[in-house]
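Here's the structure we're looking at; comments come further down.
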Protein chains: 4
Amino acid sequence: MNFDPDPLCPFRRRRKEARPSELLDAALELFVEKGFASTRSEEVARRAGVSKGTLYLYFPSKEELLKAVIQRFLADPIASSAQEADTADGPTPEVMENLLSDWWMRIYDSPASGVFKLIISEARNFPDIAQFYAEQVIVPGTALCVRLLHRGIERGEFRAIDIDAAAHSILMPLVLLCVHKHSLEPCGISKSLGLDPEGFIRAHLRLILQGLLVRSAPAGAAA
Amino acid sequence: MNFDPDPLCPFRRRRKEARPSELLDAALELFVEKGFASTRSEEVARRAGVSKGTLYLYFPSKEELLKAVIQRFLADPIASSAQEADTADGPTPEVMENLLSDWWMRIYDSPASGVFKLIISEARNFPDIAQFYAEQVIVPGTALCVRLLHRGIERGEFRAIDIDAAAHSILMPLVLLCVHKHSLEPCGISKSLGLDPEGFIRAHLRLILQGLLVRSAPAGAAA
Amino acid sequence: MNFDPDPLCPFRRRRKEARPSELLDAALELFVEKGFASTRSEEVARRAGVSKGTLYLYFPSKEELLKAVIQRFLADPIASSAQEADTADGPTPEVMENLLSDWWMRIYDSPASGVFKLIISEARNFPDIAQFYAEQVIVPGTALCVRLLHRGIERGEFRAIDIDAAAHSILMPLVLLCVHKHSLEPCGISKSLGLDPEGFIRAHLRLILQGLLVRSAPAGAAA
Amino acid sequence: MNFDPDPLCPFRRRRKEARPSELLDAALELFVEKGFASTRSEEVARRAGVSKGTLYLYFPSKEELLKAVIQRFLADPIASSAQEADTADGPTPEVMENLLSDWWMRIYDSPASGVFKLIISEARNFPDIAQFYAEQVIVPGTALCVRLLHRGIERGEFRAIDIDAAAHSILMPLVLLCVHKHSLEPCGISKSLGLDPEGFIRAHLRLILQGLLVRSAPAGAAA
DNA sequence: TATGAATGAGGTTTCATTCAT
DNA sequence: TATGAATGAAACCTCATTCAT
C-alpha cells in the first residue's frame with residue numbers, strides 16, 4: 001500500500017531527527033507549567049505537533065520523558081557554561097559582579113530556568129532526578145562559586161568567611177528567582193517582588209560584597 | 001421544639017472537631033511529599049485514620065482541601081509570628097542575627113515549612129493560591145524585613161542600600177532552605193549543601209551584615 | 001443521662017405515629033420529582049423533618065420505602081373511591097360525564113396522581129410494583145369503567161362496542177394527564193397542551209360519547 | 001505539509017463512524033429499560049461492544065449521551081414521518097383510521113417508542129429535554145392531528161368539536177400504549193390490557209369517530 | 001427513639017499505553 | 001514511521017446503610 005520509494009527524503013529525515021528535541025521542548029514547557037502529574041502525555045505530543053502514538057516511538061513512558069527532559073536541560077546550559085567562568089581574570093569582586101550576573105542571566109533567560117521549579121516539585125517522586133540534579137547542577141554550580149570565593153580570599157580581596165555557606169548565600173536567591181519566574185510571576189505576582197531580575201542580581205551581589213553595615217568610620221567601628 | 005436527646009455526646013464531638021485538623025495535617029504532609037496531583041484523596045484519609053468518605057464529610061473536594069491546607073498553614077504560623085519581631089529592641093544587627101534566625105527556624109521546624117514547596121509546585125495550577133501566598137506571606141514577611149532594614153538605616157547602623165532588594169537577598173535563601181528540606185533532603189542530598197540549617201542561617205545573616213570585602217578602612221579597623 | 005420520666009408524652013406519641021406518614025409524603029414527592037434512583041434517602045428524611053437514621057427506623061431500605069409509597073398512595077384513594085362510582089344512578093351518559101370526571105379530578109388533584117409517573121418510571125426495575133399496580137389500579141379502574149359501559153349498553157344507551165378497548169380509550173388520556181402534571185408541566189410545557197385538566201376531561205368524555213362524525217343527517221348517512 | 005501515510009484505513013473509519021450510532025442504540029435500550037440514573041455507563045459501552053473508555057471518546061459525559069439519544073430518536077422517526085400524513089387523500093374518517101394507525105404503529109414498532117417512557121421519567125431532571133420533546137414531538141404530532149380534524153370539519157365530515165382537546169383524546173392513548181410497551185408489558189402486564197396494539201388503535205380511532213351513543217336519528221340509520 | 005458521623009461499595013470519568021493499520 | 005481508536009486501571013466522589021451514643 002505504501003509506494004514511497006524514498007522513505008527518508010531530506011525533509012523527513014530532518015523532521016525525524018528533530019522530533020525528540022521538539023518533544024523535549026514541549027515536555028519541559030508543560031511539565032514546568034502544570035507539573036508532571038497534571039500534564040497529559042497527549043498534550044505534550046500535540047504541542048510538539050505530533051500524535052500521541054509518536055511520543056511513544058521516542059520515549060518508552062512518560063516517566064522516561066521526564067528524565068530525558070531533566071538530562072537535556074540540565075547538563076548542557078548550566079554545567080557547560082560554568083567552565084568559562086574559571087577562565088575569568090581581573091579583580092575577583094568585579095568578576096563576581098559581572099561574570100556571575102551574566103552567567104546567571106543566561107540561565108534565567110533560557111528554558112532551563114524552569115528546570116529548577118520542575119526538580120523542586122518532582123524530586124521526591126523521582127529520587128534519581130534529585131541525585132542527578134545534585135551532581136550536575138548543585139555540585140558544579142557551587143564549585144564555581146567556591147573557586148571564586150577561594151580566589152578572592154587568597155588574593156586578600158575577601159574576608160576569610162565560611163566559603164560553603166557564602167556560596168549558598170550567593171546562589172540561592174538566584175535559584176529562587178528562576179523558580180519564581182515559573183511559579184509566581186505567571187500568576188501576576190511579579191509586582192510583589194518589585195524587582196527586575198537583572199537589577200536584583202546585581203544589587204544582590206553588591207550587597208553580598210559590601211555587607212549591610214556602615215563602612216568602618218574614620219576611627220575604628222563596626223562589629 | 002426539639003425533644004431529641006443530646007445530639008452529640010462529648011466523645012463524638014471531640015472527634016468531629018478534631019477531624020478537620022487531622023485531615024489537614026495529613027493532607028499537608030502528603031501534598032508536600034508527593035505533590036497535589038499525585039496524592040490520592042484516599043491516602044490523605046487513611047493517613048488521618050479515617051475512610052475515604054469521611055474526608056468528603058469535611059471538605060467538598062480535593063481542591064478545596066488544598067485551599068484549606070494553604071489557609072491553615074499560612075495564616076497561622078508565618079504571618080502571626082511576624083508581628084512579634086517588631087517588638088524587638090536593641091542594636092539592629094543583633095536583632096537581625098538573633099531574632100530573624102529564631103523566627104525563621106520556628107518556621108523551618110514547623111510543618112508549615114512544606115507550604116513553600118507546595119505553593120511553588122501548585123501556584124500556576126491554582127492562581128488564587130499564589131495570590132493568597134503573596135498577600136499572606138510575601139507581603140508581611142518582606143515588610144518585617146524592610147522595617148528592620150529601615151530601622152538600621154535610620155539609626156545609622158546600616159548603609160543606605162536598596163531596601164527591597166536587600167530584603168529579598170536576606171529572605172530568599174531562608175525560603176529555599178525550607179523548600180530543600182522537603183524536596184532534596186528527603187532524597188539524601190543534604191550532604192551536598194553541607195550545612196545544618198541553623199548554622200547556615202546565622203552564617204548567612206552575618207555575611208549579609210558584614211559583606212565579603214575586606215574592610216579597607218583608612219585607619220585599621222573591621223573584624 | 002436521660003432523665004425523661006415520660007418517654008411517650010402525647011405530643012411525642014403523635015409525632016412518632018405520624019412519622020411514617022410524613023416520610024411517605026416526602027418520599028412520594030421526591031420520587032415523583034426526581035425519580036427513585038436520583039433521590040437520596042437523606043433528602044427524603046430532611047423533607048420529612050427527621051434525620052437520616054430515623055428513616056431507617058421505619059423502613060428497612062430505600063427500596064422498601066418505595067414499595068410502601070406505592071402501597072399507601074395506590075390502595076387508598078384510587079381503589080376505594082372506585083366503589084362509590086357504582087352507586088350512581090340516572091342516565092349512563094350523564095353518570096359518565098359527571099361522576100367520571102369528578103372521580104378522576106379527585107385523583108388528579110391528589111398526590112396520588114404522581115404515582116402514575118412513578119410507576120411508569122420504575123416498573124421495570126421493580127416488577128412486583130408493576131404487578132401491584134395492575135391489580136390495585138388497572139383492574140379496578142377499568143372494571144369501573146367496564147361496568148358503566150355495560151350498563152349503558154344494556155340500557156340501550158350505548159352502541160355495542162368493544163368494551164375493553166373503549167375503557168382504555170376513556171381512561172388512558174386521564175392517566176397521561178396525571179403523568180404530564182408531574183413530568184412536562186413542571187418544565188413549563190403546559191402551554192403546549194393548551195388545556196386545563198377539568199375542561200379537557202369533560203371535552204374528552206363528551207367526544208367519546210358523541211364521536212367525531214356528523215350526526216345522522218335527516219336522511220340516512222354515516223359510515 | 002502532511003507526509004503521513006493514510007491516517008484512517010477504511011476498516012477503522014467504518015468502525016469509527018458506526019460507533020456513535022451503536023452507542024446510541026445501546027443507550028436508548030438501557031435508559032428505557034432501567035432508567036437513566038440506574039444505567040451504568042459501562043453497561044452502555046458493553047452492550048455496544050466496546051469498553052468503558054470508548055464511550056467517552058464519543059460522548060463527553062453520560063448526560064450528553066442522554067441528550068444525544070433524545071435528539072437521535074426524536075427528530076428522525078417521529079417528526080419526519082409526520083409530514084407524509086399530510087399528503088393523504090380521500091375521506092377524512094378513512095384517512096384517520098388507516099393512515100393514523102399505520103403511522104403510529106411504525107412508531108410503536110420502532111425503538112423510538114421507548115423515548116416516550118424515557119422522557120416522562122427524565123423530563124424534570126433535564127428540563128431542556130422536555131422542551132425539546134414539546135417542540136419536536138408534541139407540537140408536530142398534534143399539528144398533524146389538528147390538520148386532519150380541520151379538514152374533516154371543513155369538508156362537513158366532522159362535527160365542530162374542540163379541535164385541540166380532540167387531538168389529545170386521539171393521541172394520548174397512542175402515546176400511553178408506547179409507554180406501556182416499555183414499562184408494564186415487560187413485567188407481564190399486557191394481559192391486563194387484554195389488547196394487541198394494532199387492534200386497540202383501530203378500535204380506539206373508530207370509537208372516537210363514531211362515539212358511544214346510539215345513533216338517535218329521526219329516521220333509522222347508523223352502523 | 002433519634003441522631004449524624006462513619007463507612008466502603010460502586011459509579012463516573014480520566015489518561016497512560018498499546019496496536020492494527 | 002506515524003496515527004488515533006481502543007483499552008482498562010485507577011482516580012475522584014456519592015450515597016445507602018450502620019451504629020455508638
Side-chain angles (χ1 to χ4, degrees), chain A residues 1-2 4 7-8 12-13 15-16 19 37-45 50-58 60-63 65, chain B residues 2-13 15-16 19 37-43 45 50-63, chain C residues 1-2 4 7-8 12-13 15-16 19 37-45 50-58 60-63 65, chain D residues 2-13 15-16 19 37-43 45 50-63:
Chain A
M1 215 44 129
N2 194 344
D4 196 349
L8 279 174
R12 286 192 69 174
R13 170 167 308 156
R15 297 301 323 257
K16 179 188 153 195
R19 280 285 146 76
S38 301
T39 299
R40 292 186 326 211
S41 53
E42 183 166 20
E43 215 172 351
V44 175
V50 298
S51 80
K52 214 174 0 175
T54 303
L55 173 61
Y56 285 85
L57 292 175
Y58 294 99
S61 73
K62 197 182 163 193
E63 193 171 326
L65 175 62
Chain B
N2 194 349
F3 291 87
D4 308 329
D6 63 346
L8 222 48
C9 61
F11 174 77
R12 294 288 282 271
R13 166 165 302 144
R15 298 305 334 247
K16 191 193 171 187
R19 284 272 185 269
S38 301
T39 299
R40 297 189 345 227
S41 55
E42 186 166 16
E43 217 170 349
V50 297
S51 80
K52 204 179 6 173
T54 303
L55 172 61
Y56 287 89
L57 244 45
Y58 296 95
F59 302 95
S61 72
K62 198 182 160 193
E63 191 171 328
Chain C
M1 214 46 126
N2 194 344
D4 196 350
L8 278 174
R12 285 191 68 175
R13 170 168 309 155
R15 297 300 326 256
K16 180 188 152 194
R19 280 284 146 76
S38 301
T39 299
R40 291 184 327 205
S41 53
E42 183 166 19
E43 213 171 351
V44 175
V50 298
S51 80
K52 215 174 0 175
T54 303
L55 173 62
Y56 284 86
L57 291 175
Y58 294 98
S61 73
K62 196 183 163 193
E63 192 171 327
L65 175 63
Chain D
N2 194 348
F3 291 87
D4 307 329
D6 63 345
L8 222 51
C9 60
F11 174 77
R12 293 288 282 271
R13 167 165 301 145
R15 296 308 329 250
K16 192 194 171 187
R19 284 272 186 270
S38 301
T39 299
R40 295 182 353 219
S41 53
E42 184 165 17
E43 217 170 349
V50 298
S51 80
K52 208 177 2 173
T54 303
L55 172 61
Y56 287 88
L57 244 46
Y58 296 95
F59 302 94
S61 72
K62 197 182 161 193
E63 191 171 328

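From a predicted model like this one, the values you see are computed outputs, not experimental measurements.
- Taking both residues in full, the closest heavy atoms of A:T39 and A:K62 are given as O-NZ, 2.8 Å, listed atom of the first, atom of the second, then distance.
- Residues meeting the side chain to side chain contact (heavy atoms under 4.5 Å, CB included) test with B:S61, sequence neighbours left out: B:E63, B:E64.
- Consecutive pairing runs in DNA chain E reach the stem threshold at E:2-21 with F:2-21, where a stem means at least three Watson-Crick or G-U wobble pairs with distances under 3.5 Å.
- Heavy atoms of B:Y58 sit under 4.0 angstrom from primed sugar atoms or phosphate atoms, though from no base atom.
- Distance, D:L55 CG to E:dT13 P: 9 Å, rounded to whole Å.
- In this structure, the side chain to side chain contact (heavy atoms under 4.5 Å, CB included) partners of D:S38, at least two apart in sequence or on a different chain, are C:A37, C:N125, D:K34.
- The closest donor-acceptor contact from the side chain of B:K52 to the backbone of B:E43 lies at 3.5 Å or more, if one exists at all.
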Worksheet item: Nucleotide by nucleotide, 5' to 3', does protein get under 4.0 Å of the base (B), only the sugar-phosphate (S), or neither (-) in nucleotides 12-17 of chain F, counting heavy atoms?
Response: SBBSSB
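- Per the geometry, CG belonging to A:L65 stands 11 Å off P belonging to E:dA16, to the nearest Å.
- To the nearest 0.5 Å, the span separating CG on A:L57 from OG on A:S51 amounts to 8.0 Å.
- With sequence neighbours excluded, the residues that form a side chain to side chain contact (heavy atoms under 4.5 Å, CB included) with C:Y56 are C:S41.
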